[in-house]
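Taking it in order: structure first as structure tokens, then the write-up.
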Amino acid sequence: MTILLFIEQMLNGLQFGVMLFLMSAGLTLVFGVMGLINLAHGSLYMVGAFAAAAVAAATGSFVLALMASLAAAALAGALIELTVIRRLYDRDHLDQVLATFALILIFSEGTRWMFGSFPLFLDVPKVLAGPVTLPGGIQYPAYRLSIIVIGLVVAAGMFALINRTRVGIRIRAGEADREMIAALGVDIAKLYTFVFALGAALAGFAGALVGAIQSVQVGMGEPVLILAFVVIVIGGIGSIKGAFVGALLVGFTDTLGRILLPQIFALFLEPSAAVSVGSALASMLIYILMAGVLVFRPRGLYGVA
Amino acid sequence: MNVTALAVLLGVPLWALAADEPFIITLATRAAIFALAGVGLNLALGTGGLVSLGHAAFFGIGGYAMGILASHAQAFAPIMEAPFLIEGTKSMPMIWLVAMLSSALAALAIGALSLRTSGVYFIMITLAFGQMIYYFAISWPAYGGEDGLSIYVRNEFPGLNTLVPMQFFGVCFVILCLALLLMNAIHKSAFGLALSAARQNETRVLSVGMKPYNLRLVAFVISGAVTGLAGALFADLNRFVSPTMLSWQMSGEIIIFIIIGGVGRLFGPVIGAMIFILLEHTLGGLSEFWHVYLGALLLGIVLFAKGGVIGALAGREKAHD
């Protein structure tokens, strides 16, 4: 494999990683602050993608589509927080799993009802449709490159929000001791709704960005949700930094594994066997990574005990 | 009420036999098999308090045990020739044994890792391992990959013609009853009491010198084996196994059987599975999008009726501990 191809795959891994971060950031915040496991996070990702596809089809503007994805997902997030999620904070995890599983069923079938079973397509904006040439002569799709940039900017924004602003202080205080900040006069119910809607908006935004590369369809959220769980388990629940490191680890491991493993097996197996063994193993690689992290750090890389 | 549940599950197919409605018998068989899968999970989830969102892995492994053994037997190709010969088989008892052993082994590996954690980590990790096996089945081409694996004729049980719906239902029903007896015995045993105690108060169990980790691991393995057996029967019912059996929606559905009936109740999964099949059949006939109603119903049960159907009828949320 040439060095150029390797760098291109590294960029793909990075792009996958920052998208996973957008998904995981909301999940890990919601868990850290409210102690809630939210299976319906993947549905918010789907809501964002569908909203973007619908607005793009109606107006033809990609920027409007992205804004619609943020708004729709945040709105859907706030709505389910106010009606359902709010009742689950002091329930046990089983109830949370079941209620959010029920929300997935409602969201998925509801979306199928509204939009039909066929996938929608969201076109990459014309400006970003072609490749760009990076230093060193690497050709890389401009759209994927801008996803990386947007993702990194959002990640930086999240860090700034959590570490530098008043809302961030409250969020961190909510993770540490929710009775205390309620006693200090912070409206904890509003804070929870805000955190949930923020996480939802990030998930919906990720859905819209990825929707332009893949297709927009019902059930697109759940595979990403499960990957986000892997990211959180690796990074440690509640830690934004852990989510970032975990997301990049998973992104690189998955992308490079799919390319490298079949080639490594080709060194000592016949070609067809190498491809099947290599790709089967590559599909399991991130879970093996997760198991490895668990053996040494059961609370994840940045988790607190 | 428990007797009533079994009587209904047995009575409906008997009536269907008299009325010559083989499809109803198949539905009842599905209900019995789903109930068995739920009974398996209920030991981990209800008694042990281990919310496993990856039990489809064991259900699917049981299914694939059936698919692999039977497909080799029907092709007359041994599974392995060196270092020793392993042939496929069409014999149900043999298939059940292999299904239970292989899913128990998988449960041992997954449980040993996942039980190092608890709470929400455990949920996410069992889900992730389940997904790992799902993707493995999809990308491993030898046994059909994404398309799954069909067998032409249902497997054989000595002395029965399993292709007759009522006889196959009988097999599944008897196995379900045996599993319920086993679970009842476990509940009353010292092991069952200790497992239940580990759920309620881990510190006390530790302080009397028992290891919750070991108790939970044993429960998880037994639970996986029973669910695996259900998977083998389910694959035999459909004469088809595919990665769908391993999907995480399947894990969610097995939990739903338990929740509808009532968590930690011996007969919860039986009643839950019967209601699920009834809903699937009636709502599924009304609307293609019946999962919306299922979701709304589930949400209602979780938010407002915590004890499930048995809990509501008994007027008590929790079973006696």
Side-chain angles (χ1 to χ4, degrees), chain A residues 27 31 35-37 39 83-84 87-88 91-110 112-113 117 219 222-223 225-230 232-233 236-237 272 275-288 290-292 294-295 298-300 303, chain B residues 45-46 49-51 53 109-110 112-125 127-142 145 247-249 251-253 255-256 258-260 263 287-304 306:
Chain A
L27 265 184
F31 187 81
L36 175 99
I37 173 168
L39 295 186
T83 51
V84 178
R87 299 168 195 270
L88 298 171
R91 296 289 191 85
D92 60 20
H93 292 314
L94 177 60
D95 284 357
Q96 299 176 347
V97 164
L98 284 164
T100 50
F101 184 75
L103 285 177
I104 293 184
L105 294 178
I106 296 173
F107 267 111
S108 295
E109 292 304 305
R112 208 194 298 278
W113 212 331
S117 296
E222 279 67 45
L225 170 84
I226 293 167
L227 289 179
F229 279 159
V230 174
I232 293 177
V233 168
I237 293 178
S272 67
V275 169
S276 67
V277 174
S279 55
L281 207 61
S283 66
M284 298 167 72
L285 204 58
I286 53 169
Y287 304 101
I288 298 170
M290 179 188 76
L294 273 180
V295 169
R299 292 273 147 189
Chain B
L45 190 140
L50 307 169
V51 183
L53 203 45
I110 294 178
L113 278 169
S114 318
L115 286 168
R116 293 169 58 89
T117 64
S118 60
V120 73
Y121 274 97
F122 183 80
I123 300 174
M124 293 187 189
I125 290 161
L127 177 61
F129 279 127
Q131 202 68 3
M132 171 176 104
I133 293 174
Y134 171 73
Y135 281 123
F136 179 76
I138 282 189
S139 55
W140 186 253
S247 71
W248 74 279
Q249 285 92 339
S251 299
E253 282 181 7
I255 297 187
I256 294 182
I258 298 182
I259 300 307
I260 296 182
V263 184
S287 160
E288 196 187 329
F289 308 105
W290 74 282
H291 276 103
V292 173
Y293 304 112
L294 179 69
L297 179 79
L298 184 61
L299 203 57
I301 290 182
V302 175
L303 291 181
F304 305 111
K306 280 196 71 187

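Numbers restart at 1 for each chain; the letters A, B, ... are given by sequence-line order, proteins then strands. Keep in mind that the numbers below use all heavy atoms, side chains included, and drop hydrogens, waters and symmetry copies.
- Between the CG atom of L225(A) and the CG atom of L127(B) there is a distance of 7.0 Å, given to the nearest 0.5 Å.
- For I133(B), no part lies under 4.5 angstrom from a heavy atom of chain A.
- Note that CZ of F101(A) is 6.0 Å distant from CD of E253(B), once rounded to the nearest 0.5 Å.
- Residue contact with chain B, scored on non-hydrogen atoms closer than 4.5 Å, involves the side chain of M290(A) exclusively.
- Across every non-hydrogen atom of A280(A) and W140(B), the tightest pair is CB-CE3, 3.6 Å.
- To the nearest 0.5 Å, atoms CD1 (I301(B)) and CG (D95(A)) are separated by 11.5 Å.
- Proximity to chain A (any heavy atom under 4.5 Å) is restricted, for L45(B), to the side chain, taken from C-beta onward.
- Residue V51(B) touches chain A through its side chain alone, counting heavy-atom pairs closer than 4.5 Å.
- Both the backbone and the side chain of I125(B) have a heavy atom closer than 4.5 Å to some heavy atom of chain A.
- Heavy-atom distances place no part of L227(A) under 4.5 Å from chain B, backbone and side chain included.
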(message) Checking L36(A) against V120(B) for the side chain to side chain contact (heavy atoms under 4.5 Å, CB included) test, could you report, in this order, the C-alpha distance in whole Å, the side-chain angles of both residues, the deciding distance, and whether it holds?
(response) CA-CA 9 Å; L36(A) 175 99; V120(B) 73; over 6 Å; no
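- Within the model, atoms CD of Q249(B) and CG of L105(A) stand 8.5 Å from one another, a figure rounded to the nearest 0.5 Å.
- Closest non-hydrogen pair, R116(B) versus L294(A), comes out as NE-O, 3.6 Å.
- Annotation: side chain of L294(B) is not in contact with side chain of E109(A) (no heavy-atom distance under 4.5 Å).
- Listed here is the closest heavy atom pair of A102(A) and L299(B): CB-N, 3.8 Å.
- Closest of all the heavy-atom pairs between G236(A) and Y121(B) is CA-OH, 3.5 Å.
- Rounding to the nearest 0.5 angstrom, the gap separating the CD1 atom in I37(A) from the CG atom in L53(B) is 7.5 Å.
- For the set F129(B), W290(B), W248(B), the count of heavy-atom pairs under 4.5 angstrom toward chain A peaks at W248(B).
- Contact annotation for V97(A): only side-chain heavy atoms (C-beta onward) come within less than 4.5 Å of a heavy atom of chain B.
- For a residue to count as touching a neighbouring chain, one of its non-hydrogen atoms must lie under 4.5 Å from one of that chain's; by this rule F107(A) does not touch chain B.
- Only the side chain of L39(A) comes within less than 4.5 Å of a heavy atom of chain B; its backbone N, CA, C and O stay farther away.
- P223(A) places a side-chain heavy atom less than 4.5 Å from the side chain of Y135(B).
- For Y293(B), the part sitting under 4.5 Å from any heavy atom of chain A is the side chain, from C-beta outward, and nothing else.
- Taking I123(B), T117(B), L113(B), I255(B) one by one and counting their heavy-atom pairs under 4.5 Å with chain A, the maximum is reached by I123(B).
- Here the closest heavy-atom approach between residue V302(B) and residue A99(A) is recorded as CG1-CB, 4.1 Å.
- Heavy-atom distances place the side chain of L88(A), and not its backbone, under 4.5 Å from chain B.
- Distance alone, capped at 3.5 Å, places no donor-acceptor pair between the Y287(A) side chain and the A128(B) backbone.
- Nearest heavy atoms, R87(A) versus F304(B): NH1-CE2, 4.2 Å.
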